[in-house]
Number of protein chains: 2
Amino acid sequence: MNPVDLTLYLVTDSTYHTEESFLHTVEEACIGGATIVQLREKGGSSRDYLNQALKVKEITDRYHIPLIIDDRIDIALACDAAGVHVGQSDLPVSYARRLLGPDKIVGATAKTVPQALEAYVQGADYLGVGAMFPTTTKVVTILTAPATLTEIRHTVPIPVVAIGGLNRGNMDILKDTAADGIAVVSAIMKAEDPRSAAEELKKHMIELREQRTL
Amino acid sequence: MNPVDLTLYLVTDSTYHTEESFLHTVEEACIGGATIVQLREKGGSSRDYLNQALKVKEITDRYHIPLIIDDRIDIALACDAAGVHVGQSDLPVSYARRLLGPDKIVGATAKTVPQALEAYVQGADYLGVGAMFPTTTKVVTILTAPATLTEIRHTVPIPVVAIGGLNRGNMDILKDTAADGIAVVSAIMKAEDPRSAAEELKKHMIELREQRTL
């Protein structure tokens, strides 16, 4: 199992950004304290995805933050990213693990305890659990209850990051869960000041972890 | 360089097919004489692409025909395909070669002599050159002249397959080119009798190769 700090997990979204403002936002998030960054780009060409990954990796490398590639194991290999994140419609975790080898991070989305167990058995290093709230960046068909997140966290011995519509205003929902970290898209990508947004999210996530007893 | 028989190159298209009729068509093409099959699926999920690749590979393995995966190196690795085909908006040939190693087939699309040289230098085993004619399966912005195909074939020491709108009725355009083979989508995928279509295309391609002097 590869150790991974999920405290503040940025998932990128380049929608409504120029390339310049996109890369600037990612860098500000890194300065502000993101502990891990996932590049998530849907719909473009493979070459565009690779080129964007190479540019983002220059930034994350500078701040010694692991870069995770959403879905595309070939892109992760091509840019020597730290790992991949696979959802239920991406390649199964077992394939990702086999193609990436033991030293890369493989994260998986799990909405239920059975999905979490399956991902863990197949070699996942961490789980993304959600959606906690409705979100504009994905079509969410079903929300995950905070209690389910905690049940997942107590079932598998790997860290769990909560995802889906989370922001500074509603993240207290994680107070009574066992989440190791918070994953955000819009709360940073659409923030006026992404650096401050990252700082505040991280600070409060650490407070929530320290306060709770679960 | 990995040897590859391009005589009759089937590029799949599952549009307007049920899964059953799609797999049946691919199998009939294999029986009819396809020498190589490329699975090309755009727009679906990675998991769907993998599942389809695994099913098609069962067929191509049965007939000892190499299976090439369009664009997705991770899918090719996951299903242990014979190789990949990359276009100008996919990963560069150099990346495909590095990720797949020396023993897998890497094919590349080239519309011009400079593109052909670049692909060869980066490690391509063969080139797909076209579009020779307008086609309904891709947005074609520019056609490739038969003379350009021949120039490409005489510039790089790897085989060339002609692609783009080709069928039994218009393939005589290849008579005065140096094409090693013909690539088709609709001429087989939409044929009423894909086995006979494959047989006729292959037979005539061999005749064209034998007749010409280029």
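Every chain is numbered from 1, with letters handed out A, B, ... down the list of sequences. Side chains are part of it too, since the values below use all heavy atoms of this structure and drop only hydrogens, waters and symmetry mates.
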Any idea which of B:Val86, B:Asn51, B:Asp71 has the most non-hydrogen atom pairs under 4.5 angstrom with chain A?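 So the answer, after comparing B:Val86, B:Asn51, B:Asp71, is B:Asp71.
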Winner by heavy-atom pair count (cut-off under 4.5 Å) against chain A, out of B:Ala96, B:Gly87, B:Ser45: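 Top option by heavy-atom pairs under 4.5 Å: B:Ser45.
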Within the distance-only criterion (no hydrogens, no angle test), does the side chain of A:Arg47 pair as donor or acceptor with the backbone N or O of B:Asp90 below 3.5 angstrom?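 Yes, because the side chain of A:Arg47 sits within donor-acceptor range (under 3.5 Å) of the backbone of B:Asp90.
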Pairs flagged by ring-ring contact (aromatic ring centres under 6.0 Å, His included) wherever residues 94-113 of chain A is involved - sequence neighbours left out: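 Qualifying pairs: none.
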What pair of heavy atoms forms the shortest contact from B:Leu50 to A:Pro92, and how long is it?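 Looking at all heavy atoms of both residues, the shortest contact is CD2-CD, 3.9 Å.
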Between A:Arg98 and chain B, which part of the residue has a heavy atom less than 4.5 Å away: side chain, backbone, both or neither?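 Contact with chain B: side chain only.
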Residue A:Leu99 versus chain B: region with a heavy atom under 4.5 Å: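 Only the side chain of A:Leu99 comes within 4.5 Å of chain B.
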Taking the side chain as every heavy atom from C-beta outward, state whether B:Leu77 and A:Asp74 have any atom pair closer than 4.5 Å.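 Sidechains of A:Asp74 and B:Leu77: no contact.
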Kindly indicate, with the supporting measurements, whether the criterion side chain to side chain contact (heavy atoms under 4.5 Å, CB included) is fulfilled by B:Ile73 and A:Ile75. CA-CA 9 Å; B:Ile73 295 159; A:Ile75 304 293; over 6 Å; no
